Amino acid sequence: MTQKQHILSDKELITGCLDGKEKYFKILYEQYYGKMLNVCKRYARNQEEAKDVLQDGFMKVFKSLSKFDFNGSFEGWIRRIIVNNAINQYKQDSKSITQYVDNEYLSLVNLSYDEPVEDVYIEPEILLNLVNELPPAYKLVFNLSVVEGYAHKEIAEMLNINEGTSRSNLAKARLKLQEKVKQVINQNQMLSHV
């Protein structure tokens with residue numbers, strides 16, 4: 001027999017957590033786990049690393065709950081902490097970043113073409129591989145700008161680079177992705193004519 005779980009408002013969750021009630025921490029975690037894990041997957045090299053970044057990020061969320069002022073979206077506030085945690089992890093690791101492709105990510109990757117292309121479909125795994133081939137700095141700026149929606153000024157502040165570098169890295173990332181997508185399309189067209 002399953003009990004129907006009552007969805008709590010953000011205010012109820014925050015108040016319960018601030019009162020130290022364990023069940024509220026668990027509910028908050030479960031309520032935002034899936035969305036925030038997808039965010040972490042875009043920055044991590046693999047599933048396990050994404051989960052580690054997520055766990056660490058949620059610890060920061062819980063420690064900072066008293067700072068949430070109810071101006072703006074609670075989910076957006078959590079997301080910003082999780083993204084900042086992922087960026088800090090990236091800065092600590094000199095290794096490359098991997099983006100995780102999910103439906104949200106695919107819909108946000110807007111590549112333009114010089115010539116109209118009809119019926120173009122690229123498998124998510126192929127797009128992931130193409131994004132993974134980008135230099136780490138390009139991938140990071142691409143993700144922060146295209147997926148997370150940060151302005152170049154914000155990206156520059158987060159990564160300690162200048163705004164021009166952020167713009168340049170995004171432009172170069174898009175150009176490289178466009179070239180790679182065109183190559184995949186051309187290869188698919190050649191194979192379909194064989």
Side-chain angles (χ1 to χ4, degrees), residues 1-93 95-110 124 127-128 131-132 136 139-161 166 170:
M1 180 183 216
T2 59
Q3 237 181 6
K4 197 174 192 180
Q5 186 177 358
H6 172 66
I7 300 293
L8 299 174
S9 71
D10 291 336
K11 186 168 183 133
E12 289 172 308
L13 284 174
I14 293 167
T15 302
C17 289
L18 291 176
D19 289 343
K21 297 178 180 171
E22 190 175 321
K23 79 173 192 173
Y24 288 91
F25 287 101
K26 183 179 181 199
I27 293 169
L28 188 150
Y29 180 80
E30 289 172 352
Q31 198 163 309
Y32 290 101
Y33 176 86
K35 288 180 182 179
M36 296 306 131
L37 181 60
N38 282 336
V39 169
C40 291
K41 287 177 181 178
R42 293 186 192 108
Y43 294 93
R45 288 182 300 276
N46 57 51
Q47 180 87 1
E48 290 307 310
E49 184 178 270
K51 287 180 180 179
D52 289 343
V53 170
L54 180 66
Q55 295 295 341
D56 188 49
F58 264 111
M59 293 306 294
K60 291 177 181 172
V61 166
F62 293 143
K63 287 179 184 175
S64 302
L65 275 175
S66 63
K67 296 177 185 173
F68 182 69
D69 60 7
F70 295 94
N71 288 327
S73 159
F74 183 54
E75 181 178 329
W77 182 80
I78 292 174
R79 184 182 188 108
R80 186 169 185 108
I81 291 173
I82 298 292
V83 168
N84 285 337
N85 189 56
I87 290 169
N88 289 337
Q89 182 67 37
Y90 168 76
K91 287 178 182 178
Q92 289 173 0
D93 294 344
K95 302 167 189 166
S96 68
I97 266 183
T98 301
Q99 271 73 22
Y100 181 82
V101 177
D102 60 9
N103 290 334
E104 177 187 3
Y105 185 73
L106 286 170
S107 70
L108 291 169
V109 177
N110 181 17
L127 183 57
L128 174 62
V131 172
N132 284 338
K139 288 191 286 188
L140 184 58
V141 171
F142 179 83
N143 218 17
L144 289 171
S145 177
V146 174
V147 178
E148 303 299 338
Y150 286 107
H152 288 290
K153 183 176 181 177
E154 294 172 303
I155 295 170
E157 289 171 6
M158 283 188 251
L159 301 179
N160 297 321
I161 59 176
S166 176
L170 178 61

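Treat the numbers as computed from the prediction; the structure is a model and nothing was measured.
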Which value, rounded to the nearest 0.5 Å, describes the distance between [X] atom [atom1] and [Y] atom [atom2]?
X     : Y      : atom1 : atom2 : answer
Leu8  : Leu13  : CG    : CG    : 5.0 Å
Cys17 : Glu12  : SG    : CD    : 11.5 Å
Phe74 : Leu65  : CZ    : CG    : 5.0 Å
Ile14 : Phe68  : CD1   : CZ    : 5.0 Å
Ile87 : Leu159 : CD1   : CG    : 5.5 Å

* To do: Only counting residues at least two apart or in another chain, list the ones meeting side chain to side chain donor-acceptor pair (under 3.5 Å) with Tyr24.
  =>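 Tyr24: no side chain to side chain donor-acceptor pair (under 3.5 Å) contacts found.
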
* Structure fact -> Contacts of Lys35 meeting side chain to side chain donor-acceptor pair (under 3.5 Å) (sequence neighbours excluded), chain-then-number -> Glu75

What are the two closest heavy atoms between [X] and [Y], and how far apart are they?
X      : Y      : value
Leu170 : Ser145 : CD2-OG, 3.3 Å
Ala50  : Cys40  : O-CB, 3.5 Å
Ile155 : Ser166 : CG2-OG, 3.5 Å

* Asked: Considering residues at least two apart in sequence or located in another chain, which fulfil the salt bridge (charged side-chain N to carboxylate O under 4.0 Å, His left out) criterion with Lys51?
  -> none

* For Lys60, enumerate each residue passing the salt bridge (charged side-chain N to carboxylate O under 4.0 Å, His left out) test, keeping only those at least two apart in sequence or located in another chain. =>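 Once residues adjacent in sequence are excluded, the partners of Lys60 under the salt bridge (charged side-chain N to carboxylate O under 4.0 Å, His left out) criterion are Asp56.
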
* **From CA spacing to verdict: side-chain contact (heavy atoms from CB on, under 4.5 Å), Lys26, Glu30** => CA-CA 6 Å; Lys26 183 179 181 199; Glu30 289 172 352; 3.0 Å; yes

* Tyr33 and Tyr29 aromatic ring geometry - parallel, tilted or perpendicular at 30°/60° bounds -> tilted

* Asked: For Lys139, does its backbone N or O pair with a side-chain atom of Asn143 as donor and acceptor, under 3.5 Å?
  ->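 No: the side chain of Asn143 does not pair with the backbone of Lys139.
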
* So, the side chain of Asn85 versus the backbone of Ile81: is there a donor-acceptor pair under 3.5 Å, distance only? ->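 Judged by distance alone, no pair lies under 3.5 Å.
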
* Asked: Salt bridge or not for Glu148 and Arg79, using N-O below 4.0 Å?
  ->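 Result for this pair is yes, salt bridge flagged.
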
* Indicate whether the side chain of Asp10 and that of Tyr32 have a donor and an acceptor atom separated by less than 3.5 Å. => yes

* **Pair Tyr150-Glu157, side-chain donor/acceptor within less than 3.5 Å** =>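 No pair is found: no donor N or O on one side chain lies under 3.5 Å from an acceptor on the other.
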
* Evaluate side-chain contact (heavy atoms from CB on, under 4.5 Å) for Leu28 paired with Phe58, printing each intermediate quantity in order. => CA-CA 10 Å; Leu28 188 150; Phe58 264 111; 3.9 Å; yes

* Report the residues that fulfil side chain to side chain contact (heavy atoms under 4.5 Å, CB included) with Asp19, sequence neighbours left out, ordered by chain and then residue number. => Thr15, Lys21

* Asked: Under the side chain to side chain contact (heavy atoms under 4.5 Å, CB included) test, which residues partner Asp52, sequence neighbours left out?
  -> none

